[in-house]
Amino acid sequence: MITYKVTLCKGLSTYGIIATGSDGVIDEIPDISADREAVYELAELMNREQLSLVHFRDAIEDFLVRVY
């Protein structure tokens, strides 16, 4: 099972999301947004809906298009 977690990008004060599995970090997208709450909500949605890793990057792109 994939779990999505929010990360703080040091020096930038922005947040990203990592995808983790039983072997550790599988994929990471840093510097998504400075809006911590929005990134946390996105990660929670991905976990709740059990988003497949195949769609991880597309979901981030959709989020950015919608927000910005």
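Sequence positions, counted from 1, serve as the residue numbers for this chain. Model, not experiment: these values are computed from the prediction.
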Can I get a per-line list of side-chain donor-acceptor pairs under 3.5 Å for residues 10-30, giving both atom names and the distance, sequence neighbours left out?
from : atom 1 : to  : atom 2 : distance (Å)
T14  : OG1    : D31 : OD1    : 2.8
T20  : OG1    : T3  : O      : 3.2
D27  : OD1    : R57 : NH2    : 2.8
D27  : OD2    : R57 : NE     : 3.1

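In this structure, the side chains of L42 and I60 come closer than 4.5 Å at one or more pairs of heavy atoms.
Pairs engaging residues 19-58 under the ring-ring contact (aromatic ring centres under 6.0 Å, His included) rule: Y4-F56 [sequence neighbours left out]. The list of side-chain hydrogen bond (donor to acceptor under 3.5 Å, both in side chains) pairs with a residue in residues 41-51, not counting sequence neighbours, is empty.
Residues passing the salt bridge (charged side-chain N to carboxylate O under 4.0 Å, His left out) test with D35: none are found, sequence neighbours excluded.
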